[in-house]
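We name chains A, B, ... by the order of the sequence lines, and we start the count at 1 in each one.
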Protein chains: 2
Amino acid sequence: MVSIKDIAKKAGVSISTVSYAINGNPKVTKETSTRILAVAKELNYVPNAAARSLKKQETKIIGVFLTDFNGAFYGELLQGIKEVLNKQGYDLIVCSGVQSHRLLPERTIDGAIVLDTSFSSEELLQYAERGHKLVVLDRELSHANVNQVLLDNKAGAALAMEYLIEEGHRKIYVVAGPEASFDSMQRLQAVRQVVNRHQPLAYTQILGDFNKSAGEEAAKQIIQEYTEPVAVFCLNDEMAIGLYNAVKKSEYKIGTHIHIIGFDNIELTQYTEPRLATIDYSKRKWGALASEQLLKLIDDKEIDHERIYVTLVKGNSVRTV
Amino acid sequence: MVSIKDIAKKAGVSISTVSYAINGNPKVTKETSTRILAVAKELNYVPNAAARSLKKQETKIIGVFLTDFNGAFYGELLQGIKEVLNKQGYDLIVCSGVQSHRLLPERTIDGAIVLDTSFSSEELLQYAERGHKLVVLDRELSHANVNQVLLDNKAGAALAMEYLIEEGHRKIYVVAGPEASFDSMQRLQAVRQVVNRHQPLAYTQILGDFNKSAGEEAAKQIIQEYTEPVAVFCLNDEMAIGLYNAVKKSEYKIGTHIHIIGFDNIELTQYTEPRLATIDYSKRKWGALASEQLLKLIDDKEIDHERIYVTLVKGNSVRTV
DNA sequence: TTGTATGCGTTATCAT
DNA sequence: ATGATAACGCATACAA
C-alpha cells in the first residue's frame with residue numbers, strides 16, 4: 001500500500017506537507033502542491049479510510065438498516081436517501097441482520113437510518129446514549145440523539161376505512177400486522193376509531209404478519225365465513241396481494257364479493273386486475289427527509305420530528321356495494 | 001469513547017493484557033481475564049473498528065455493488081450472499097452509485113461482489129491489480145484476484161428460443177438489453193445460433209435497455225407491424241412486463257396474437273394473467289456461490305470460474321400457434 | 001511555507 | 001503471565 005510517507009519521500013517533502021496538499025490546505029504553495037499531487041497520482045495513491053477515520057473520528061458513511069432485502073418499496077426509499085446523502089459528501093451502505101448491528105457501536109458509520117425490527121428500542125436507546133445519531137422510521141423513540149420520521153399511519157388507515165364505508169360496506173375485516181409493529185398498532189388504532197364512529201358495523205380483526213402468507217391465511221377464514229359481500233383492509237399491500245391471490249383461486253370475485261384495500265402502494269398493485277386500492281405516500285421523499293434529519297442531527301442542529309403524508313389510491317378492488 | 005486504556009486503568013493492568021483478554025489469548029490467566037472482561041462489560045466497551053482495521057489490515061466486511069436498489073431479484077441474491085458470509089464471520093454491506101466505489105480502494109471492505117454497470121472493467125482491473133479481491137457477476141474479467149460467477153446465459157436464451165419454435169412460432173422478435181451488457185450480448189449470441197439452425201424464420205431484433213419502458217417501446221413497433229401472430233423474447237422480465245402492459249392496453253391478446261417470454265423469473269411474472277413464460281435460476285444459489293468464491297479468493301485458494309444453471313418456466317403467455 | 005512531533009485505538013513483538 | 005513499546009496511516013498543533 002502506498003501511503004503519504006511514500007509520496008513524501010518521492011516528492012522530497014515531509015508527510016505533513018503531503019497531507020496538507022492532498023487536503024487542499026492553502027498553506028502549501030501552488031507549485032509544491034501540484035508537484036505532490038502529481039506524485040500521488042503517479043503512485044496511484046488512495047487514502048486509507050481506517051487511518052483517516054481513526055484520526056478524524058468520522059467515516060462519512062451512513063448506514064441504513066432494513067429488516068430484510070426484499071421489501072418492495074426499499075428501492076425508492078434508498079434512492080431518496082442516497083440522493084440527499086451523496087450531495088453532502090456522505091456515502092450510504094445498506095445493512096440487514098443482527099450481525100451487522102455491530103457497525104453502529106464500532107463506529108464504522110457516522111449515523112444510521114433504521115427501518116428494522118431486528119433492533120429493539122432498548123438497543124437503539126443504548127446506542128443513542130453512547131452518542132450515536134439515529135433516525136428511526138418504524139417506531140417512536142425519545143432521545144436527543146434520535147429523530148423520528150414516521151408515516152401518517154392514522155390518517156392513512158382512516159382514509160382507507162372511510163373509503164370502504166363510503167362505498168357502502170358495513171361488514172369489514174382488517175388484517176393486522178405483527179403485534180410488535182408500531183405501524184400496525186397505529187393503523188389499528190385509527191381503524192377502531194373509525195369503526196366506533198360508524199356503528200353499526202360488523203367488524204372483524206385478523207392477526208397477520210405483513211407477509212403474503214398472512215393474506216392467504218386470512219382469505220381462508222374470510223371465505224369460510226362468507227355469507228354476503230365483505231370488505232377487507234389489509235394493513236399492508238404485501239398481505240393484500242396474498243389475500244388477492246387466494247381469492248382469485250376461489251369462486252368469489254374481487255370487487256364484487258370480496259373487496260380489498262391495502263397500504264403502501266407497492267408497484268405490484270398496479271398490475272393486479274382489478275387494480276388494488278391502497279394508501280400511497282412518497283417513499284423517495286420519506287428517504288430524503290430522513291437523511292436530512294440525520295445530517296442535521298450529526299451537525300448538532302435542533303430539529304423536530306417529521307411526518308410523511310399519505311393519500312388514498314382508489315381501485316376497482318373496492319366497488320360500491 | 002471508552003478504550004482499552006480505560007479498561008486497563010480500571011482493572012489495574014496494562015493495555016496489552018486487556019487486548020489479550022478481549023481477544024481470548026490463552027496467555028492471560030483465567031482470573032485476570034474474567035476480571036478484565038467484567039470491567040469491559042461494566043464500561044460498555046466496544047472495540048473501535050477503524051483502529052482494529054488499521055492494525056490488522058482487514059475489516060471483515062464484504063461489499064456488494066449493485067447498479068441500483070430496485071432490481072427485482074436483488075433480495076434473494078443478497079440473502080444468499082449474507083447467509084454464507086455471516087457464517088464465516090463477515091458482514092455484508094450493499095452499495096450503489098459511483099460515489100460509493102471509493103469504499104473499495106480505501107479498504108473499507110475486504111472484497112467485493114460486483115453486479116454493477118457503473119464499474120468499467122478497466123476500473124475493476126485496476127483494483128484487482130492493487131490487490132483487491134473481486135467476484136464479478138456481470139462480465140468476464142481475467143485476473144488472479146478476480147473470479148466470475150456467471151449465469152448460463154446461452155443455455156437460457158437457447159431454451160427460450162427453442163420453446164417458441166417448438167410451439168410453432170416462425171415469426172420472432174427479440175428485445176435486447178443495452179449493447180454494453182454482457183448478459184444481453186451472450187443471450188443474443190445464443191439467439192442467433194438458434195435462429196440460424198431453424199431457417200426459414202422471420203427474425204427481428206429490437207434494441208432495449210432492460211427497463212420496462214423499453215418493453216413498452218417495443219410493443220409500439222410490434223403492434224404497428226402486426227400482420228399475423230408473433231412471438232417475442234424479451235431478454236429480461238422487466239422489459240417483458242413493459243411489453244405485456246402495452247399489449248394489454250391494445251386490441252391484441254397475449255398468448256393469442258402476441259406471445260411473450262422473458263428471462264429472470266422475477267416474482268411479478270407469477271401475477272400476470274396469463275402467466276409470463278420465462279427463464280429461471282436460483283438467485284440465492286448465485287449469491288451463495290459468489291460469496292464462497294470471494295472468501296476463497298481472500299484466503300488465496302485456487303479456484304475456477306463458476307456457472308449458474310437455468311431452466312425454462314412455461315407459461316400461457318406462449319401458446320401453440 | 002514547510003517540517004517535527006504527537007496521538008487516534010488497536011495489535012503484536014519483545015522484554016521482564 | 002504480564003508490561004512496555006512500536007507500528008498501522010493520517011491529521012494537526014506547534015515549531016522553525
Side-chain angles (χ1 to χ4, degrees), chain A residues 1-37 39-40 43-61 89 102-110 130-132, chain B residues 1-37 39-40 43-61 89 102-103 105-110 130-131:
Chain A
M1 264 308 80
V2 28
S3 74
I4 54 172
K5 204 184 290 181
D6 303 305
I7 301 177
K9 195 178 297 174
K10 183 139 189 175
V13 295
S14 78
I15 60 163
S16 44
T17 308
V18 174
S19 180
Y20 288 139
I22 284 169
N23 291 303
N25 192 312
K27 293 200 283 186
V28 59
T29 18
K30 196 100 184 159
E31 295 88 59
T32 43
S33 176
T34 48
R35 186 162 49 91
I36 290 172
L37 260 27
V39 175
L43 295 182
N44 261 314
Y45 170 76
V46 175
N48 180 303
R52 168 174 292 178
S53 300
L54 182 57
K55 184 66 191 176
K56 301 202 59 165
Q57 303 286 34
E58 68 173 20
T59 62
K60 287 288 178 184
I61 298 176
R102 68 170 175 100
L103 301 181
L104 197 32
E106 289 181 358
R107 314 198 81 99
T108 299
I109 56 180
D110 290 347
R130 294 164 141 275
H132 301 288
Chain B
M1 263 312 75
V2 27
S3 73
I4 54 172
K5 204 183 287 182
D6 303 304
I7 300 176
K9 196 178 296 174
K10 184 140 189 175
V13 295
S14 77
I15 59 163
S16 33
T17 309
V18 174
S19 179
Y20 288 140
I22 285 168
N23 292 302
N25 191 313
K27 293 201 282 187
V28 59
T29 22
K30 195 103 185 156
E31 296 88 57
T32 42
S33 176
T34 49
R35 185 161 49 91
I36 290 172
L37 261 25
V39 175
L43 296 183
N44 262 314
Y45 170 76
V46 175
N48 179 302
R52 171 175 297 192
S53 300
L54 181 58
K55 186 65 190 176
K56 301 203 58 166
Q57 305 285 34
E58 68 173 21
T59 62
K60 288 286 176 186
I61 298 175
R102 69 171 177 98
L103 301 181
E106 289 181 359
R107 314 197 81 99
T108 300
I109 55 180
D110 289 348
R130 294 164 141 276

Chemist: Just grab all the salt bridge (charged side-chain N to carboxylate O under 4.0 Å, His left out) pairs involving residues 9-27 of chain B, residues at least two apart or on different chains.
Modeler: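 The answer is B:K10-B:E42.
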
Chemist: Of all nucleotides in DNA chain D with an atom under 4.0 Å from a non-hydrogen atom of chain B, which is the first and which the last going 5' to 3'?
Modeler: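 On DNA chain D, the outermost contacted nucleotides are D:dA1 to D:dG9.
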
Chemist: Look up atom CD1 in B:I22 and atom CD1 in B:I7, then write down how far apart they are to the nearest 0.5 Å.
Modeler: 4.5 Å

Chemist: Show the nearest heavy-atom pair for residues B:N23 and B:R52, with the distance to one decimal.
Modeler: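 Looking at all heavy atoms of both residues, the shortest contact is OD1-NH2, 3.9 Å.
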
Chemist: Please assess A:M1 against B:Q57 for the test side chain to side chain contact (heavy atoms under 4.5 Å, CB included), listing each intermediate value before the final yes or no.
Modeler: CA-CA 10 Å; A:M1 264 308 80; B:Q57 305 285 34; 5.8 Å; no

Chemist: For A:A11, check side chain to side chain contact (heavy atoms under 4.5 Å, CB included) against everything at least two apart and list the hits.
Modeler: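 Residues passing side chain to side chain contact (heavy atoms under 4.5 Å, CB included) with A:A11: A:V13, A:R35, A:I36, A:V39.
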
Chemist: Any donor-acceptor pair under 3.5 Å linking the side-chain atoms of A:T17 with those of A:S14?
Modeler: yes

Chemist: Please answer whether the main-chain N or O of A:T59 pairs with a side-chain N or O of A:S53 as donor and acceptor at a distance below 3.5 Å.
Modeler: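 Side chain of A:S53 to backbone of A:T59: no pair is present.
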
Chemist: Minimum heavy-atom separation for B:Y45 to B:I4, with atom names?
Modeler: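 Residues B:Y45 and B:I4, closest heavy atoms: OH-CG2, 3.5 Å.
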
Chemist: Below the 4.0 Å mark, does C:dG3 have OP1 or OP2 next to a side-chain nitrogen or oxygen of A:T17?
Modeler: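 So the side chain of A:T17 is within the cut-off, an N or O lying under 4.0 Å from OP1 or OP2 of C:dG3.
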
Chemist: Would you find a donor on one side and an acceptor on the other, under 3.5 Å apart, between the side chain of A:T29 and the backbone of A:E31?
Modeler: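 Between the backbone of A:E31 and the side chain of A:T29 there is no qualifying donor-acceptor contact (under 3.5 Å).
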
Chemist: Output the residues of residues 29-37 of chain B in contact with DNA chain C, where contact means a heavy atom of the residue under 4.0 Å from an atom of the strand; sort by number or write none.
Modeler: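 Output list: empty, so none.
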
Chemist: Is there a side chain to side chain contact (heavy atoms under 4.5 Å, CB included) between B:I61 and B:L103 once you walk through the steps?
Modeler: CA-CA 11 Å; B:I61 298 175; B:L103 301 181; over 6 Å; no

Chemist: In degrees rounded to 10°, what angle is found between the helical axes fit to the five outermost pairs at each end of the helix from C:dT1-D:dA16 to C:dT16-D:dA1?
Modeler: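 Here the helix ends are tilted 50° relative to one another.
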
Chemist: At under 4.0 Å between heavy atoms, which parts of nucleotides 9-16 of chain C does protein reach? Answer with one letter per nucleotide, 5' to 3': B base, S sugar-phosphate only, - none.
Modeler: BBBBBB--

Chemist: Between B:S19 (side chain only) and B:I15 (backbone N and O only), is there a donor and an acceptor less than 3.5 Å apart?
Modeler: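 No, B:S19 side chain to B:I15 backbone: no donor-acceptor pair under 3.5 Å.
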
Chemist: Out of curiosity, B:K60 NZ to A:E106 CD, how far, rounded to the nearest 0.5 Å?
Modeler: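 These two atoms lie 12.5 Å from each other.
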
